[in-house]
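What you see is a predicted model; the values in this text were computed from it and never measured. So that the names make sense, note that chain A is the first sequence line, chain B the second, and so on, each numbered from 1. Basis for what follows: all heavy atoms, side chains included, without hydrogens, waters or symmetry-related copies.
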2 protein chains.
Amino acid sequence: MPGNLAAVDELDRTAATRLRDVGQRYTSNRAALVEVLAASSHPLTIPEILEARRGMPQSSVYRNLTVLEEAGLVQRVASSDEWARFELAEDLTEHHHHQICTSCGQVRDVTLPPAVERSLDASLGKVAAANGFKLQHHRLDLVGLCGDCATG
Amino acid sequence: MPGNLAAVDELDRTAATRLRDVGQRYTSNRAALVEVLAASSHPLTIPEILEARRGMPQSSVYRNLTVLEEAGLVQRVASSDEWARFELAEDLTEHHHHQICTSCGQVRDVTLPPAVERSLDASLGKVAAANGFKLQHHRLDLVGLCGDCATG
DNA sequence: ATGAGTGCAAAGGCTTTGCATTAGG
DNA sequence: CCTAATGCAAAGCCTTTGCACTCAT
């Protein structure tokens with residue numbers, strides 16, 4: 001819900017708390033990163049973040065993204081294979097997946113019907129258990145062509 | 001089916017054909033790469049490939065992997081986020097997914113029950129269609145801890 | 001005050017590229 | 001034969017790190 005003031009405020013408090021929990025401060029740069037990621041409907045690359053926050057040094061972006069990741073506020077997304085992309089941790093947003101365009105690399109968030117997620121989780125849980133694997137979560141991407149690329 | 005002679009032979013012919021189709025030669029280095037990938041039960045990193053084929057220069061590995069990818073024989077796998085991993089294109093193997101250990105980065109191949117795959121594809125198809133997205137395939141990873149890491 | 005955070009610039013590490021040589025068809 | 005492929009080394013590019021300065025608590 002980008003732009004929702006109450007939600008943004010709560011996100012802010014959550015961020016401060018989780019950072020404090022890992023012995024980190026909630027600085028303006030970090031708040032800015034959280035804000036930028038929260039305002040986006042898709043995972044952002046470093047260039048995109050730098051574009052959104054002109055003047056913030058790359059090193060600060062990298063360093064703080066790492067800190068935010070360790071605090072469980074941000075997660076790295078494996079996209080096509082070009083650049084690292086970042087989004088808010090899933091428990092701060094909604095469980096969702098990514099639609100990745102193989103032509104232009106565009107990444108868009110998508111959600112699946114809850115029933116599908118449930119049956120999928122059940123199946124994955126069985127497979128993981130059979131392999132002695134401790135399943136934490138799943139990652140599902142739709143790979144194909146976005147509207148623009150399919151047409152052009 | 002690693003090690004199956006007949007299958008290896010057919011793979012060889014397929015590789016030669018697809019390379020020729022894109023105007024590339026099937027050289028010994030490329031054959032070696034296909035062989036190494038075919039013999040593995042999980043996606044390989046460049047270091048692993050170099051280990052399996054001592055003496056092959058890195059530049060050749062990178063360059064030929066790119067060619068093989070363009071010929072539709074090999075595909076890059078998005079793993080945790082450390083190194084690029086490569087495996088044979090899916091139509092040369094079996095439809096499968098990856099179990100990724102967040103602790104050690106290990107990637108293992110896993111397959112899901114056909115019924116699960118079918119219902120998943122059906123759902124994804126609907127979602128994609130609703131977004132004007134031309135779905136080519138899906139990518140599903142089980143993320144968690146492998147047996148070794150969960151215990152240690 | 002006082003250690004964490006910041007910014008700039010330099011260093012790292014995986015990956016790509018230039019060029020002369022070798023080999024595939 | 002003639003062009004593509006190879007191999008070595010150098011260059012690229014995203015990312016990380018060192019260090020002195022500044023800000024948060």
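Counted by atom type alone, A:Gln136 and B:Thr102 present one or more donor-acceptor pairs between their side chains at under 3.5 Å.
Taking every heavy atom of residues 20-35 of chain B and every atom of DNA chain D, pairs under 4.0 Å involve B:Gln24, B:Arg25, B:Thr27, B:Asn29, B:Arg30, by number. Non-hydrogen atoms lying under 4.0 Å from DNA chain C are contributed by A:Pro57, A:Ser59, A:Ser60, A:Arg63, A:Asn64, all within residues 57-68 of chain A.
For B:Met56 and D:dC8, the CE to C1' distance is 16 Å, given to the nearest whole Å. Rounded to whole Å, atom C1' of D:dA4 lies 14 Å from atom CD of B:Glu70. In this entry the distance linking CH2 of A:Trp83 with C1' of C:dC14 reads 16 Å, nearest Å. To the nearest angstrom, C1' of D:dC14 lies 14 Å from CD1 of A:Ile49. Atom CG in A:Leu50 sits roughly 15 Å away from atom C1' in C:dT6 (whole-Å rounding).
Residue pairs meeting the salt bridge (charged side-chain N to carboxylate O under 4.0 Å, His left out) criterion with at least one member in residues 20-31 of chain A, sequence neighbours excluded, do not occur. Contacts classified as ring pair (Phe, Tyr, Trp, His ring centres under 6.0 Å) and involving residues 8-51 of chain B (residues at least two apart or in different chains) are not found. Residue pairs meeting the side-chain hydrogen bond (donor to acceptor under 3.5 Å, both in side chains) criterion with at least one partner in residues 112-125 of chain B, sequence neighbours excluded, are B:His95-B:Glu117, B:His97-B:Glu117, B:Glu117-B:His138, B:Asp121-B:His138. Screening residues 140-150 of chain B for salt bridge (charged side-chain N to carboxylate O under 4.0 Å, His left out), with sequence neighbours left out, gives A:Arg139-B:Asp141. Applying the salt bridge (charged side-chain N to carboxylate O under 4.0 Å, His left out) rule to pairs touching residues 95-104 of chain B yields nothing, sequence neighbours excluded.
Applying the salt bridge (charged side-chain N to carboxylate O under 4.0 Å, His left out) rule to B:Arg18 yields the partners B:Asp91; only residues at least two apart in sequence or on another chain are considered. Judged as a salt bridge (charged side-chain N to carboxylate O under 4.0 Å, His left out), and not counting sequence neighbours, the contacts of A:Glu51 are A:Arg54. Here A:Glu87 pairs with nothing under the salt bridge (charged side-chain N to carboxylate O under 4.0 Å, His left out) rule; sequence neighbours left out.
Residue A:Leu145 shares its hydrophobic cluster (ILVMFWY side chains chained together at separations under 4.5 Å) with no other residue.
Over its length, the helix from C:dA1-D:dT25 to C:dG25-D:dC1 turns its helix axis by 40°, as judged from the five terminal pairs at each end, rounded to 10°.
The main-chain N or O of B:Leu37 is never found under 3.5 Å from a side-chain atom of B:Ser40 such that the two would form a donor-acceptor pair.
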